[in-house]
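What follows is a set of notes on a single structure, which appears directly below.
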Amino acid sequence: MQRWLLKSEPDVFSYDDLVRVGAEPWTGVRNYQARNFMRAMKQGDLCVFYQSNAKPNAAVGVCSVLREAYEDPTSTEPGRWSAVDVAPVSKFVSLVSLERLRDLPELLACPLIRRGNRLSVLPLTNTEFEAIVAAGGLDPHALDSVPMLH
DNA sequence: GCCAACGTTGGC
DNA sequence: GCCAACGTTGGC
């Protein structure tokens, strides 16, 4: 199973919003690389939910891919952009700030912590995913067996 | 609010 | 196909 990271600005849509609504179309991505990653997502894939332009910028929980890529309903250009649906899995016990993410040795190669990284959807290795989830106070392997708790 | 880092667009 | 101008993202 592939792991991913999704960025969102909490002023626009936060993890708590996702918990509130239960499922959400992930629309509006207008970057080809990010779009291609979304098209590669499989139902049940787990994603770290990262909040940018936030106080603090931080990974805050885990969500899963509920519905694989389909035409982005917010796009006026047919066939060009894609959306997926995501659902909350579990909020972190404690958020993992960007500052702490930078301190995780497992993330040294992850584009997330590079200044100027503008990718809003990016793949994570298992090692990266587990390091972030563990730093958030969850057991990464418990997520495997119970993909839809919350 | 500033600005660095990029991706995209469009003129040539 | 190059590249300058422009727009956007996102950390600070």
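Keep in mind that this is a model prediction, so the values were computed, not measured. Order of the sequence lines fixes the chain letters, A, B, ..., with proteins taken first and strands second; residue numbering starts at 1 for each chain.
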Contacting residues from residues 24-35 of chain A, given that a heavy atom lies under 4.0 angstrom of DNA chain C: none

Pair A:Q2, A:D45: side-chain N/O donor-acceptor within cut-off below 3.5 Å: no

Geometric class of the A:F13/A:W26 ring pair [parallel <30°, tilted 30-60°, perpendicular >60°]: perpendicular

Side chain to side chain donor-acceptor pair (under 3.5 Å) partners of A:R20, counting only residues at least two apart: A:D17

Crowding at CD, A:E71 (>12 non-hydrogen neighbours, <6.0 Å): yes

Contact residues, residues 52-61 of chain A to DNA chain C [heavy atom, < 4.0 Å]: A:S52, A:N53, A:N57

Side chain to side chain donor-acceptor pair (under 3.5 Å) involving A:N36 - partner list, sequence neighbours excluded: none

Sugar-phosphate only, base, or nothing, as touched by A:R114 at under 4.0 Å among non-hydrogen atoms: nothing

A:W4 ring center within less than 6.0 Å of A:F49 ring center: no

Terminal contacting nucleotides, 5' and 3', DNA chain C versus chain A (heavy atom, 4.0 Å): C:dG7 to C:dC12

Any side-chain heavy-atom pair of A:E68 and A:M41 under 4.5 Å: no

For A:T74, all residues meeting side chain to side chain donor-acceptor pair (under 3.5 Å), sequence neighbours excluded: A:R30, A:D72

Connected via hydrophobic side-chain network under 4.5 Å: A:Y70 and A:L66: no

Atom pair CG/OG of A:L112 and A:S52 - distance to nearest 0.5 Å: 9.5 Å

